[in-house]
**Q** 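Just dropping this structure here.
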Protein chains: 2
Amino acid sequence: MTEFAVITHLFVSMVFLERNVHSANLVNLTGMKITVGITDDQSLFVKSLTLLINSFEHFTVVLQATNGEQLLEELAKTEPKPDLLLMDVNMPEKDGIEAARIIRDLYPQCKIVALSVRDDDTTVINMFKSGCSAYLLKDVNPDELERALNEVYTTGLYNGDASNINYRRLLKSVETAPQITDREKEFLLLAGSDLTYKQIATRMHLSPRTIDGYREALFEKLNVQSRVGMILEAVRRQLISIN
Amino acid sequence: MTEFAVITHLFVSMVFLERNVHSANLVNLTGMKITVGITDDQSLFVKSLTLLINSFEHFTVVLQATNGEQLLEELAKTEPKPDLLLMDVNMPEKDGIEAARIIRDLYPQCKIVALSVRDDDTTVINMFKSGCSAYLLKDVNPDELERALNEVYTTGLYNGDASNINYRRLLKSVETAPQITDREKEFLLLAGSDLTYKQIATRMHLSPRTIDGYREALFEKLNVQSRVGMILEAVRRQLISIN
DNA sequence: AATAAATACGGGTTTTTTCCCCTTGCCTGT
DNA sequence: ACAGGCAAGGGGAAAAAACCCGTATTTATT
């Protein structure tokens, strides 16, 4: 999916939002339940959410996993494939973004609904780029979750409302957000530890001056003035994680 | 609760663990359900966990909240008080540790079961100090959760098993863990932002030298060599949070 | 073919951090 | 009453981080 397609997608989303178009419930005409897979690193959440979704009129949970890797394994042996995949963004082993990308290519019939604690612009963008159809925050109420699942199944898209993701702000940040490169992420990973830049240079087989270049670029891109600020901002944007 | 009492508590826990004593199910002799309150910052988790716990034979959820402040409000108007309170440790407004302390004093009849993503020694210790009766990780399976709730209700204590908190390691860390003072935490809060020590000194109305003293003390206590390391370790130990 | 962006490197300067060494007073628990 | 922890302050020096000035090559996009 290109950058342009994402923006288009979001524009379409906004139009839906503004016209207040709510598709009629086309589900359950056949009496068949819509099948759902759940992936989250907290197994207790997976299991309790399963009960909640099974309590929805048209839905049944057919797959559970606690990380991206496991999700792909389960997905391979699940037949037929689930209609919807509800997945957490930050998981160990294989995170939501990677997993979504693979699923989009392998099983395009499965619509992906991202579920996250964090209303972080770049993460949302990355999830949409990786092929997810909706992005919900974990503080949605069950009613809205059900509405979202319904709408993603019928229209292939869901926008949330004022209480959820702010697509307008998002769209703005897509245009202005600078990209962080792979090499910069490698650097960030090492910068987010108890090492000096000189030590980082050695580990990356680079000169200290090159490292300083990355630092400078990232200060600019993340809009910070110190290494501590850089690391904290990187953690907030899910570029790295503490551990 | 004194440090000694905590250690004693943990010792008792370990003895229970080692003897593999499982109390007979004394619950439900009267046919009454055990009442449970749930607090977690993710409302979706609260609502789905409610379904799970209501599906347990002897339990019924009578209170829901999404932060410590709200929990206390709800608790004030709930009558009779819930037998058990399942609560997250890290929440906005009022975190699990503060909330637990207040509840222990105001409503000692409510047994507190802490629920957290993080197996962090000092946090576990602090929760026990604040009066919680059990500490479960969020990756417990429903069976173990039910067993834990039963055991806390009947014996006032639960230890988890190998898959959960490692009490042996915990006990060791209680003995060796240095205490971080309030003033040091204040400093950490500011150090965990895009400020220089000089700026922090101004904000805390202290001389830069004094700030340097805090820095030095914390490097020692947290066993790190740099400001970045200090902040990351502080985040890991839940002394501060990124935001 | 040209522009842009990512990658890599160099020298020099200033500011900040880190690391030693130190004193004083105040409060709390034993 | 006194030990120990805490708050507050300090000098001097070395190391690291941050901020300037640049250059060159490759790769992708237009």
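Computation of the quantities below employed the complete heavy-atom set of this structure, encompassing side-chain atoms and omitting hydrogens, waters and symmetry-equivalent molecules. Lettering follows sequence order; numbering is per chain, from 1.
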**Q** Could A:D88 and A:K138 be called an ion pair, given the rule that one side-chain N must be under 4.0 Å from one carboxylate O?
**A**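 Answer for the salt bridge query: yes.
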
**Q** Can you tell me how far P of D:dC6 sits from CD of B:E184, to the nearest Å?
**A**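 These atoms are roughly 7 Å apart.
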
**Q** Counting only side-chain nitrogens and oxygens, does A:Y214 get under 4.0 Å of the OP1 or OP2 atom of C:dA8?
**A**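 Looking at the OP1 and OP2 atoms of C:dA8, one of them is under 4.0 Å from a side-chain N or O of A:Y214.
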
**Q** Taking only N and O in the side chain of B:T210, is any of them less than 4.0 Å away from OP1 or OP2 of D:dG9?
**A**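 Yes, because at least one side-chain N or O of B:T210 sits under 4.0 Å from OP1 or OP2 of D:dG9.
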
**Q** Could you tell me the separation between the CG atom of A:L218 and the C1' atom of C:dT7, rounded to a whole number of Å?
**A**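 My rounded result for the distance is 13 Å.
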
**Q** Let me know the distance between CD1 of B:I231 and C1' of C:dT17, rounded to the nearest Å.
**A**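 Distance check: B:I231 CD1 to C:dT17 C1' gives 13 Å.
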
**Q** Using the rule salt bridge (Lys or Arg N to Asp or Glu O under 4.0 Å), only one of B:R215, B:K221, B:R237 pairs with B:E184; which is it?
**A**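 When salt bridge (Lys or Arg N to Asp or Glu O under 4.0 Å) is applied between B:E184 and each of B:R215, B:K221, B:R237, only B:K221 qualifies.
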
**Q** Nearest-Å distance, CG (B:D212) to P (C:dC22)?
**A**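 Going from B:D212 (CG) to C:dC22 (P), I get 16 Å.
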
**Q** In whole angstroms, how far is the P atom of C:dT18 from the CD1 atom of B:I200?
**A**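 To the nearest whole Å, that distance equals 10 Å.
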
**Q** Base, sugar-phosphate alone, or nothing: which one does B:T181 contact when heavy atoms must sit under 4.0 Å apart?
**A**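 Sugar-phosphate: the residue B:T181, judged by heavy atoms under 4.0 Å, touches backbone atoms but no base.
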
**Q** Of the nucleotides D:dG10, C:dC9, C:dT7, which one has an atom closest to the side chain of B:S207?
**A**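 Looking only at side-chain atoms, B:S207 lies closest to D:dG10.
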
**Q** Salt-bridge test for A:R101 and A:E98: reply yes if a basic N is under 4.0 Å from a carboxylate O, no otherwise.
**A**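 A:E98 and A:R101: not salt-bridged.
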
**Q** Could you tell me how far apart A:R215 (CZ) and C:dT16 (C1') are, to the nearest whole angstrom?
**A**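 After rounding, the reported distance stands at 12 Å.
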
**Q** Calculate the interatomic distance between A:K185 atom NZ and C:dT7 atom P; express it in whole Å.
**A**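 Computing the A:K185:NZ to C:dT7:P distance gives 11 Å.
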
**Q** With heavy-atom distances below 4.5 Å as the criterion, would you say the side chains of A:I211 and A:P208 are in contact?
**A**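 No - every pair of side-chain heavy atoms lies 4.5 Å or more apart.
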
**Q** When you compare the side chains of B:T78 and B:E74, does any donor N or O come within less than 3.5 Å of an acceptor on the partner?
**A**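 The criterion, which ignores hydrogens and geometry beyond distance, is not satisfied for B:E74 and B:T78.
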
**Q** Detail all sub-3.5 Å separations between protein N/O atoms and N/O atoms belonging to nucleotides 13-16 of chain D.
**A**
residue : atom : partner : partner atom : Å
D:dA16  : OP2  : A:K198  : NZ           : 3.4

**Q** Round to the nearest Å and state the distance from B:E186 atom CD to D:dA8 atom C1'.
**A**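 Taking CD of B:E186 and C1' of D:dA8, I get 14 Å after rounding.
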
**Q** Taking all non-hydrogen atoms of both residues into account, name the closest pair between B:L75 and B:P82 and its distance.
**A**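 Answer, listing the atom of B:L75 first, then B:P82: CD1-CD, 3.5 Å.
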
**Q** Only one of A:I200, A:T181, A:D182 clears side chain to side chain contact (heavy atoms under 4.5 Å, CB included) with A:F187; which?
**A**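 In the set A:I200, A:T181, A:D182, the residue that makes a side chain to side chain contact (heavy atoms under 4.5 Å, CB included) with A:F187 is A:I200.
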
**Q** B:R183 side chain N/O closer than 4.0 Å to the phosphate oxygens (OP1, OP2) of D:dG5?
**A**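 Result: no.
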
**Q** In terms of the nearest nucleotide of DNA chain D, which residue is placed more toward the 5' end: B:G213 or A:E216?
**A**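 The answer here is B:G213.
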
